[in-house]
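Worksheet: the structure to be examined is printed underneath.
We name chains A, B, ... by the order of the sequence lines, and we start the count at 1 in each one.
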Number of protein chains: 2
Amino acid sequence: MWGKYYPILLYVLEKAGLFGNVKTSTVLLSKELNSTQQTISRKLIEMEKKKMIKRQLEANGLILSLDEKGRAYLKENYNALKKNFEKKNILLKGSVVSGIGEGKYYMSLPKYQKQFQQKLGFKPYSGTLNIKLKDRTQLLEFINNLNSVLINGFKTKKRTYGPIACYKIKVKDIEGAIAIPERTRHEENIIEVISPVYLRSYYNLKDNDILEVEK
Amino acid sequence: MWGKYYPILLYVLEKAGLFGNVKTSTVLLSKELNSTQQTISRKLIEMEKKKMIKRQLEANGLILSLDEKGRAYLKENYNALKKNFEKKNILLKGSVVSGIGEGKYYMSLPKYQKQFQQKLGFKPYSGTLNIKLKDRTQLLEFINNLNSVLINGFKTKKRTYGPIACYKIKVKDIEGAIAIPERTRHEENIIEVISPVYLRSYYNLKDNDILEVEK
DNA sequence: ATTACTATGTACCGAGTAA
DNA sequence: TTTACTCGGTACATAGTAA
């Protein structure tokens, strides 16, 4: 409903804060927001009428600050976004499954191993623990606000090994990482967990055991 | 720049989350967003082209989810808002000043006193500690994400006593509250702090002493 | 039911310009 | 220099309608 005023509101918020003010001009604003002086002028007047901003004319420009409706609108937006971005997806739940030993092979490659050690801070056990999720959406949400650790790919005479994105996690008390090859099938709902110990025996895990992974 | 798509993006975020999807229809959306079926249809197509959303036609409607650009745009917005709304204004700093005894008079009124006790959980000392701030902006920022405790006004035969907004705070180790009469002068940069003890003597405060108030 | 095209109407933008 | 008006062209929203 006030979408067209949103860029200006954000600008004022950015420069003035919630309760401060900013000295600017319609010309300046038009340049910063890719618009024209006339359009900005008109919108500012409209926004003032709607009590979104306060406007104070000066000799060589104007002073802007947020007004109650503007603050309320921004806060409303903030809350809506917050609800979704701050979801505390501390846990990722799935069941233990057996892999086909593929992970073990990759773990054994020195060029990967070295990077794991350097970038994750641990030397992974030569195998992965496979965890089957209900669907991939869980994973995307889980890693959404985690920082990825990128393991670079490399080439040999025989073939190319792609990059791997890792996300540091914990399995119970043991540190580890989810490893996602860049060229993975995106429908896949099985994740591979690497860790310095052989998790399967360390925690006596069997297939179909429910397991939770922490951030 | 994408302001006109913002309401739809928020809708999808709200209903589907960042990675989920929502079954809806252009008719439904038009009603919820105060628009028309045709406009929604067109915008959804545009948004799909811009990779803001994913669109999947069904027999009796369509399935929507956020796409990469949509998520990125929302997150960008979120971060901009977060910066300003999550400012940790834990401290409010000012200097001790002498009041004209006005606060003391109001504190002594039983109708106010009773409410202070009930709503704030302490019986205020019969006087206020006045703290002078640099400017009122500080105060507005400080109380922005605090909940106000409203002390109701009342009438006597002689005059009317207005409502008072209170914000629970702490002065060093002592609990207290900032009391702001509703009909206060908004340029005023002096706040009145009430507390169960006589703060001035408890902490041996003198005029011009710098004091910090905590949330 | 739906979605989405085409045609029409309107509101918005921006150039020109006054103050 | 500013801001903000008037006015004309266009881009956008809506109605009608096809699929």
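- Atom P of nucleotide dT3(C) and atom CG of Leu62(B) are separated by 5 Å, given to the nearest angstrom.
- Residue Thr36(A) places no side-chain N or O under 4.0 Å from the OP1 or OP2 atom of dC13(C).
- Distance OH (Tyr5(A)) to C1' (dC13(C)): 13 Å, rounded to an integer number of Å.
- Between the Lys132(A) side chain and the Val96(A) main chain, no donor and acceptor come within less than 3.5 Å of each other.
- Gln38(B) contributes a side-chain N or O that forms a donor-acceptor pair with the base of dG16(D) under 3.5 Å.
- Using a 4.0 Å heavy-atom distance criterion, Gln37(A) is classed as a base contact.
- With dA4(C), dA4(D), dC13(C) as the candidates, the nucleotide lying closest to the side chain of Thr39(A) is dC13(C).
- From Ile174(A), atom CD1 reaches atom OH of Tyr203(A) across 4.0 Å, with rounding to the nearest 0.5 Å.
- Regarding Leu33(A), its CG atom lies at a distance of 16 Å from the C1' atom of dG14(C), rounded to whole Å.
- We find that NZ of Lys23(B) is positioned 10 Å from P of dT2(C), with the value rounded to whole Å.
- Taking every side-chain heavy atom of Ile45(B) into account, dA4(C) is the closest of dC5(D), dA4(C), dA15(D).
- Within 4.0 Å of Leu44(A), counting heavy atoms only, lies no atom of the nucleic acid at all.
- Following rounding to the nearest Å, Lys43(B) (NZ) and dT3(C) (C1') show an atom-to-atom distance of 17 Å.
- A close approach under 4.0 Å does not occur between any side-chain nitrogen or oxygen of Arg42(A) and OP1 or OP2 of dT6(D).
- By the neighbour-count criterion of 12 heavy atoms within 6.0 Å, atom NZ of Lys75(B) is densely surrounded, having more than that number from other residues, nucleotides or ligands.
- Spacing between atom CG of Leu29(B) and atom C1' of dA4(C) amounts to 15 Å, rounded to whole angstrom units.
- Distances were taken from every side-chain heavy atom of Ser35(A) (C-beta onward) to each of dA4(C), dC13(C), dG14(C); the shortest belongs to dG14(C).
- The separation between Leu28(A) atom CG and dT1(D) atom C1' is 14 Å, rounded to whole Å.
- Side-chain N/O atoms of Thr26(B) include one lying less than 4.0 angstrom from OP1 or OP2 on dT3(C).
- Rounded to whole Å, the distance from CD on Glu46(A) to C1' on dA11(C) is 11 Å.
- Closest approach to the Val27(B) side chain among dT2(C), dT3(D), dA15(D) is made by dT2(C) (side chain taken as heavy atoms from C-beta onward).
- For Arg183(A), the CZ atom sits in a loose shell: 12 or fewer heavy atoms of surrounding residues, nucleotides or ligands are nearer than 6.0 Å.
- Among Glu192(A), Arg200(A), Lys104(A), the one residue that satisfies the side chain to side chain donor-acceptor pair (under 3.5 Å) test with Thr128(A) is Glu192(A).
- In this structure, Ser25(B) reaches the sugar-phosphate backbone alone: every heavy-atom distance under 4.0 Å involves primed, P, OP1 or OP2 atoms, never a base.
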